[in-house]
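Each chain gets a letter, A, B and so on, in the order the sequences are listed, and its residues count up from 1.
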Amino acid sequence: MSTTNPHEPFGVPPEDLAARRLRADRAKALFGENGPDPMKIGRFTLTRQLGRGGQGSVFVAHDDELDRSVALKRLHSFDANKGRDLREEAKTLARFKHPNVVTVHEVGLDPIDGPFIVMELVEGKPLGDWLEEKPRHWTEIVRVLIQLARGLAALHEQRVIHRDVKPPNVVIESTGRVKLVDLGIAFLAPDPTTEVGAETDFEARSRGWGTTGYMAPEQVAGERLDPRTDQYSFFVVAYEALYGARPPLAVSSELGRQRGDGRSNGGSKPRTRVPRSLRRILERGLAKDPSHRFEDMATVAAQLEDLVRRRRMIPSAAVAAGALLVTAGVVATLWPGAESACARGETGASLWSPQRRNEVRHSFVATGSSSAESTFSAVDAVLTRYTVELDTAHESACTALSQREEEPAEAHARLACIARAQGVVTDMVEQLGTITAEELPGAPENLASLPEFASCTRVAGPEQTCDPGRAVPGFADAVRAIGLKLQAAEARIMLGRYAEGMELAEAAIALAEPGPLTRLRGQAWLVHGRLAYESQQFDIALRSLEEASSLAEQQACDGIAAESLALMAKVRALQPKGDAEEALRWSQQALDKLERLGDVGPRRADALNSRGLVLHQRLQRYEEADVLYREAARLREQFLPTTALALSDTLLNRGAVLAALGDLDQAVEVLEDALSIREEALGSDHPGLYKLHLNLGNRRLERGQTAEAEASFQRGLELAKLGFGSQHHKIAALHLNLAAALDHRGAFDLALEHASEAIAIYDDALEADDLRRIDAWGAMAQVLIDASRPVDAVPWATKTWELVRQHPQATAMERTLGAYRLGSTHRQSPSPEAALVWFDRALELSNERAPEPAQVPKQIDELRAHVHLERGEVLLSLERAREAVASLAAAERWWAAQGSNPERLAHARWGLGQALVMEGSSPTARGRADELTRSALSYFEKGGDERWMLRVRQWRTDHGLE
Amino acid sequence: MTEKGSVHPEARALASELYAKHSQEILAFFRHTRRMTMADAGDLMQQTFAELLKTLRNNPQLKVEYPRALLFKIAHRQFGAYIEHKGRHGDRMVDEEIDEQRSLAESDDLQFQASLRADQKLLLRAMRRLTKEDGEQADRARERGDVTESWTISEHQLILYLRFWVGLTLARVAEILDIPPGTLSGRQRRALQLLRHRVAELEAPDEATRGTSTTMLERWHGILERDALEVLPAEPKP
């Protein structure tokens, strides 16, 4: 609906052509041929009505003078006498020509009908119809948007603001050319260089015009407009084209959370996948404040062009192949007839044809699993998108070849690289046809192993691929056989059939024994190592990868060597043992080699991510890890969607690092990103998402967002149940997290239920001495303590202690925790003396760190702070002030330094303040006590915690501090 | 009824000019006042201008100071004749109006209404309910569920249409209706009051349009208040 001017009488409603025709007929009857002719406006004879908008009706008209059809737009609610300045404005429009903007032929002023604009008649489909016609890939949509952006940029250059950019005004001609039509309410922006912002009459009167839903906030508010107003409308159109619904109102803040799932649009699904980089662009263009938008439409056009180009190929210097592109060289040999592949029109869509899809679906259903359908949907969604992308890549490679856009050798290499991806996918789809119930839950996650082809640009030299070269006389069959074996091996990852895959790789290694084929052996070992890594056989993986890297080194093929080294570093990072410094060197070598190759594609992202993992997991050098993860994520983002799962993993890592650095806000944000990317790739009901919900829940809990944390855990629990059934031990872990969240907000009964559930699952699923059981018992004890039922907690705490005390695998952390819990229960029961014994024991145990650098020094330090705090409080209650001061000061120091738990800090300060006064010491100590208790009080006041507030105030009054 | 080859070229030129300028709103006026076929509205519009031509021819000295008022005055008369004709043929005609004609009127009317905004549409329907008998008696009839859109047009409806829809001044409308402006002032107040009831009736089942139409009514009341301040002396005599 359009806006109306509320200050005018209703007047005559816009007239349709039928009424006009009637008036014309009656005029003839009254006045004869020379009478008034309502079918004419100026010299134009109206023939057909095109549409009617708030600002005027649009007709097809015939220009009797020039004998051509035109579009004529009559402007309603115009006082004919005031139409003059519009004509001035329109002169500029009439001089303006651009392929993506409708041409304005002239502007007229009819004494009866008022001002009208005569425009080129554009025949084509309005954007809305074009979108409805068939599903459009995001790149198709972006290509339309680019043309539109160019048109707007050109208009803006002439200082013309369109003011009514909306889907019906974007027409796609049959040639594919996009035209912005309807310049009916466009007007000239004041020239900032010559005018002092004088407002034209037209501008003043037509403020607030435009189409609701597409207008920028400043336009709605009737403020002065500039080209960024059009930019906003442009992005509303873009958003709607991509998502099928207009953006929610508070877009700039919302979009970040939406991440393309369209949920905040009343549940509408995006029409197409929307890559993150594109979402970022949308977000900026839709900023409420014009100054936060893009500088101009030319910049927008450039950014969108960049996006499409980047997607099609990475820069030529960056010759890259993903982790799975190792065999590209082989494939170049296997599929020499690239042109014939183009001629045959082989496409990704045929790999995932309706028939194939149906067969696979049947085999999913045949597993009898209750989640067969949902798992299939997830797989289907990924494969459908993937094959569409693959088609686009294939098509563009074929075009490049036929139009000689690039060197034939390069085009061939690119096609070969794509053909190889097609080969692996064919094998993978075949694997899916024999899926078993056990393999079902893992399938969507394993889609991450779909070969990456976004970087199939050019495969430059042998140092990248270890290509044996085409001419290996007498070995053509062997080369082909090796290629097929490796392809089949990789395809086994899809369903986690690692042993089979490794056998196939070993067969390939054996085949590659003869001298001229040595180059292929490196690749075969890499595939082998990768399969071993996927199956978590880290020792085997390391050996295979070392073999691969040393062979590659001998043959001077840096590509394979770099991939192997990066994966070696990753394996080492994920193991608690082995030399971490060595892993750092490996990853550095990998990065150096890639740099020499000019590779800034997914392989570099892998190497960065691996190095980040070593720094993060093994060396706790979080800041450095964060930098690397950030860079890896940035790279992976460019190769979406094929890198979606890898990107999500990197973000997951980054979330952990940020949490370790104490930046919980950022951590939550990054994890939300990771979650939405994975949701986008796998569907939001995929069981594999449970981990992210779990992590997100933990971070939210740490941030004190109990309700949100609870929701995350709850969602994680639902999804995990889908994947593992309700009795799996992983489910128990989620119950425990949920119990913690519930305990945190004082819902003790519910918390106890979940803890009991976890205990029951562990009783069934785990051995009697499995250490994981202490988590459940400990949680039970904790909830009971918090629920003021310390006596009930004692048996659980005792059980915990009994198990960890002697257990050979129990860590210092676990023992400390066991002793601490027991101390807490005794403290509450209440037997403070016994509690002190256990607290001291806990502190003692916490010093018994493992000989290796501890994995979790921070956690254990935090635990010590907890022990110190409670110990101090007990000592205080026993009036052993001096000892209390020592413990409480330790606790206070730690939390003050961390800044991570203001609640504990407040308690530590409150305790320490009391202890200092009790010690009866110097005025300085008294001053310090005053300061400490005041700080605690302000925390309790802020949180509205009345119980503590009153206690602290009373104490301060009693001690003359108020 | 054609005036081809008229011996009064000035009259013809003036009528032609007025036709070009105002035939659209005269046509809309007929279509607005009640449900009728487009052809009927066209006839009435044509007759209005034929009558204008006649008036101009018969009074060569006539200075048309307010052409719209003159046109609406004639249109009003034409409409009166039309209603009278319908009335004379009485219920018989209404009843025997063949279905085709009725459905044509209905569909033409719907098409006309489709060109209106939601708030305009609601007011149109409410105004058509302002029958001659409007008042307490009619209210009671309505309470009994005895509701029909009137086939006739009430003065209330006319006043509201000319004043607020077309935007004529109080003086011009008084002239068209042949009543003193003071009387008109009171009647339009009453008309608005009644309209408010009718709008409320119509709005009851449709909360969605409430905002717009009520706002529109408020605005009309606003105009009325302003009129009351400036009142009659300010209006130049025709």
Interatomic distance, B/Met38 atom CE to A/Asp16 atom CG [nearest 0.5 angstrom]: 6.0 Å
May I ask you to decide if B/Gln46's main-chain N or O and A/Arg26's side chain share a donor-acceptor pair within less than 3.5 Å? no
Report which part of B/Ala20 has an atom under 4.5 Å of a heavy atom belonging to chain A: side chain, backbone, both, or neither. both
Looking at A/Arg43, I'd like to know if its CZ atom is crowded, meaning that more than 12 non-hydrogen atoms belonging to other residues, nucleotides or ligands lie closer than 6.0 Å. yes
Which atoms of B/Asp43 approach chain A - backbone, side chain, both or neither, heavy atom under 4.5 Å: both
For A/Ile112 versus B/Lys21, what's the shortest heavy-atom pair and its separation? CD1-CG, 3.5 Å
Residue selection (most heavy-atom pairs with chain A, distance under 4.5 Å) from B/Ala28, B/Ser23, B/Ala39, B/Ala41: B/Ser23
Please find the pair of heavy atoms, one from A/Gly32 and one from B/Arg12, that lie closest to each other, and give the distance. N-NH2, 4.3 Å
Is it the backbone or the side chain of B/Ala15 that comes under 4.5 Å from a heavy atom of chain A, or both, or neither? both
Interatomic spacing from CE in B/Met45 to CZ in A/Arg23 - rounded to 0.5 Å: 7.0 Å
More than 12 heavy atoms from other groups under 6.0 Å of CG on A/Asn34: no
